[in-house]
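The structure appears below as structure tokens.
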Amino acid sequence: MTISYQLSVANATFAGFPKLLIRWKGSVYKLMFKELLVFSVLYTTVSLVYRLALTDGQRRIFERFCIHVDETINHVPLTFVLGFYVSFVVSRWWEQLVSYPWPDRMLYLIGHYIPGKDERSRMLRRALARYLNASTILLARSLSVVSKKRFPTLEHVVDAGLLTAEELKMYNAVQLQYGKFWIPLVWFTQLVDQARAEGLVHDPSGMGTKQLLNELMAFRTSLGKMFMYDWVSIPVSYTQVVTLATYTYFLGCLFSRQPLDPTQSYKGHNFDTYVPIFTILQFVFYVGWLKVAEALINPWGEDDDDFEVNWFIDRHLQVSYAIVDDMHGKVPPLVKDAYWGKTEVQLPYTESAMDAKRDEECADLGSTVAYQVPVKDQRLSVPNHEPSSRRASLAGFGHPTTTNGNAAPMPFKPAWDTTQGFAPRRKSGAFLSPHETNNGVTKLNAELSERHHPNNFTLGNAHHYAAKPTTDGSHSSTQHGLASTVRVTPQGGVRVYIDDSPNDSRRSSEIHFVPRLRPRSDALENIVEQSPSPPVSPSRDEDGTTPLIRPQYWNH
């Protein structure tokens with residue numbers, strides 16, 4: 001069964017893997033030595049016939065045939081086909097191993113929620129544990145040769161103590177043409193329900209029963225995976241293709257690898273050899289690869305690397321009874337531990353383990369803990385972006401302007417600058433639409449969607465808010481009966497609170513401007529006035545309205 005060599009490769013040593021070549025049990029030699037023996041006999045037979053039985057004319061024909069086979073044999077994609085097949089078989093083999101159910105998690109829940117120490121509670125816990133193991137063994141009998149040999153009939157299961165005679169009668173009374181390994185799990189659920197009715201399950205909220213059933217469903221899922229892997233195999237056609245490719249290739253090697261007459265000056269046949277060393281090694285590699293897949297394609301047999309089903313059965317049954325019965329209610333006394341009152345805990349090392357002790361300076365604090373940034377590079381700064389041709393086409397967009405219209409240096413780049421673009425965040429059907437006037441002063445306009453806003457208000461380019469500062473540093477305005485308050489968020493966005501009915505705060509709308517990565521063509525406009533310094537009070541624009549201004553903490 002499973003051959004373990006973990007201890008032999010615990011440390012990387014000189015010739016660590018080559019030492020494994022001398023093993024026989026579970027080795028590739030044991031898997032394919034018969035095939036290698038047959039190949040060697042056939043190869044030797046062909047060589048003797050060529051050297052001793054053929055005439056000179058027949059040898060020339062044979063030699064031309066061998067050269068032709070050597071030129072065409074590499075058309076077989078053996079490495080690709082065989083490698084993919086073996087990797088698929090190995091992954092399937094491992095998935096079947098991890099699908100084998102372990103009852104430990106369920107047993108912990110049983111011991112916790114059925115805490116009684118009376119005989120009835122003890123019988124209940126042991127029966128639940130036995131049903132879990134019985135369902136696993138009933139399934140293992142249907143797919144494992146090892147388990148079938150151990151329990152050839154259901155009577156053997158009864159004799160082993162996994163089922164009682166009465167339970168066997170109930171099991172056989174279920175007339176189905178399908179597998180019935182799930183029947184003990186049905187008894188499990190009914191027994192839990194009966195125990196709840198008797199008050200043996202300590203679960204006033206019902207969550208414990210839910211946990212038990214959830215764990216039972218996971219257990220049943222694992223059993224189902226085991227059954228599905230045995231029921232649905234790798235398509236036989238795929239296995240046939242790989243087998244044909246491998247054996248056809250080496251059938252051609254019987255001729256293509258024959259050493260031909262050196263006197264004929266054939267290319268690559270200048271030396272006569274009697275033993276094809278590298279051909280034998282190639283046979284070991286490829287055929288051994290195929291034999292590995294053959295051994296792992298069904299891990300429920302008796303090969304060296306098949307699963308230890310009997311070990312699973314014995315271990316799970318003994319652990320089950322130990323958890324729910326032998327160890328139930330037995331807890332060590334609660335005492336102060338050896339490190340009570342100590343802030344630094346240091347476990348001792350033996351002399352042989354001191355070499356493996358890690359240096360205290362190598363604590364796992366991150367790979368860049370020791371990296372030091374030069375002091376001269378630690379000053380905080382915000383880089384300025386030069387306007388591109390696309391951005392420069394927008395007058396003063398993203399850059400403050402002076403009185404003569406020239407661009408002034410930007411001391412601080414808002415998070416919603418045009419290098420990122422922005423998009424309005426809708427709320428209550430309202431959204432912002434920024435607009436830039438002809439004189440380069442940007443104002444904030446708001447449009448209320450006619451489809452969503454209850455009053456069908458629409459504010460176009462001519463409707464600017466008359467803004468005035470408020471005590472909290474924001475700006476409020478009233479235009480056509482529409483009250484609003486504008487605040488700049490710490491992230492650099494603009495938040496507008498619009499109330500179409502100042503007397504009714506319940507109908508207020510909140511509008512956000514948020515940065516985004518790509519600017520939309522219809523949103524490439526500023527949303528605040530670009531001025532070299534934040535004015536104390538708003539000024540009148542050419543059209544008589546008061547534009548929104550930046551708050552005094554804009555550059556702070």
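Keep in mind that what you see is a predicted model, and the values were worked out from it rather than measured.
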Using a strict threshold of under 4.0 Å (side-chain N to carboxylate O), is an ion pair present between [Y] and [X]?
X: Glu167; Y: Arg130; answer: yes
X: Lys225; Y: Glu95; answer: no
X: Asp261; Y: Arg59; answer: no
X: Arg315; Y: Asp104; answer: yes

In sequence, state the C-alpha distance, the side-chain angles, and the governing distance for Tyr286 and Thr79, and then conclude on side-chain hydrogen bond (donor to acceptor under 3.5 Å, both in side chains). CA-CA 8 Å; Tyr286 284 112; Thr79 303; 3.0 Å; yes

Between [Y] and [X], is there a side-chain heavy-atom distance shorter than 4.5 Å?
X: Ile67; Y: Leu260; value: yes
X: Lys30; Y: Trp24; value: yes
X: Leu139; Y: Trp182; value: no
X: Gln211; Y: Asp203; value: no
X: Pro184; Y: Leu138; value: yes
X: Phe255; Y: Tyr43; value: no
X: Val158; Y: Thr164; value: no
X: Arg141; Y: Phe181; value: no

Between [X] and [Y] (side chain of the first, backbone of the second, donor and acceptor by atom type, cut-off under 3.5 Å), is there such a pair?
X: Lys180; Y: Val174; value: yes
X: Gln258; Y: Leu254; value: yes
X: His316; Y: Pro103; value: no
X: Asp306; Y: Glu302; value: yes
X: Ser144; Y: Ser147; value: yes
X: Arg126; Y: Asp325; value: no
X: Asn133; Y: Ile137; value: no
X: Lys330; Y: Asp326; value: yes
X: Thr248; Y: Ala245; value: no
X: Glu166; Y: Leu163; value: no

Calculate, to the nearest 0.5 Å, the distance between atoms [atom1] and [atom2] belonging to [X] and [Y] respectively.
X: Gln58; Y: Tyr50; atom1: CD; atom2: OH; result: 12.0 Å
X: Ser142; Y: Phe227; atom1: OG; atom2: CZ; result: 6.5 Å
X: Asn298; Y: Ile234; atom1: CG; atom2: CD1; result: 10.5 Å
X: Leu132; Y: Glu215; atom1: CG; atom2: CD; result: 9.5 Å
X: Ser99; Y: Leu223; atom1: OG; atom2: CG; result: 9.0 Å
X: Arg92; Y: Leu97; atom1: CZ; atom2: CG; result: 13.5 Å

Assess the residue pair Leu124 and Gln194 against the criterion (side chain to side chain contact (heavy atoms under 4.5 Å, CB included)); give the C-alpha distance rounded to whole Å, side-chain angles, the decisive distance to 0.1 Å, and a yes or no. CA-CA 10 Å; Leu124 176 61; Gln194 180 180 345; over 6 Å; no

Thr350 and Met354: CA distance, side-chain angles, deciding distance, side chain to side chain contact (heavy atoms under 4.5 Å, CB included) verdict: CA-CA 6 Å; Thr350 62; Met354 287 300 295; over 6 Å; no

Step by step, would you call Thr239 with Tyr85 a side-chain hydrogen bond (donor to acceptor under 3.5 Å, both in side chains)? CA-CA 8 Å; Thr239 304; Tyr85 180 78; 2.9 Å; yes

Parallel, tilted or perpendicular: ring planes of [X] versus [Y], cut at 30 and 60 degrees:
X: Phe312; Y: Tyr100; result: parallel
X: Phe39; Y: Phe250; result: perpendicular
X: Phe65; Y: Phe62; result: tilted

Counting only heavy atoms not in [X] (residues, nucleotides, ligands), do more than 12 fall under 6.0 Å from its [atom1]?
X: Phe17; atom1: CZ; answer: no
X: Trp231; atom1: CH2; answer: no
X: Arg105; atom1: CZ; answer: no
X: Trp94; atom1: CH2; answer: no
X: Tyr339; atom1: OH; answer: yes

Start with the C-alpha gap between Val186 and Phe188, add the side-chain angles, then the distance that decides, and say whether side chain to side chain contact (heavy atoms under 4.5 Å, CB included) holds. CA-CA 5 Å; Val186 177; Phe188 184 100; over 6 Å; no

Exercise: do [X] and [Y] side chains pair donor with acceptor under 3.5 Å:
X: Gln282; Y: Tyr249; value: yes
X: Ser121; Y: Arg125; value: no
X: Thr44; Y: Tyr274; value: no
X: His75; Y: Thr72; value: no

Worked check of side chain to side chain contact (heavy atoms under 4.5 Å, CB included) between Arg220 and Leu216: CA-CA 6 Å; Arg220 173 60 179 84; Leu216 182 65; 5.7 Å; no

Taking all non-hydrogen atoms of both residues into account, name the closest pair between Ala129 and Leu107 and its distance. CB-CD2, 3.7 Å

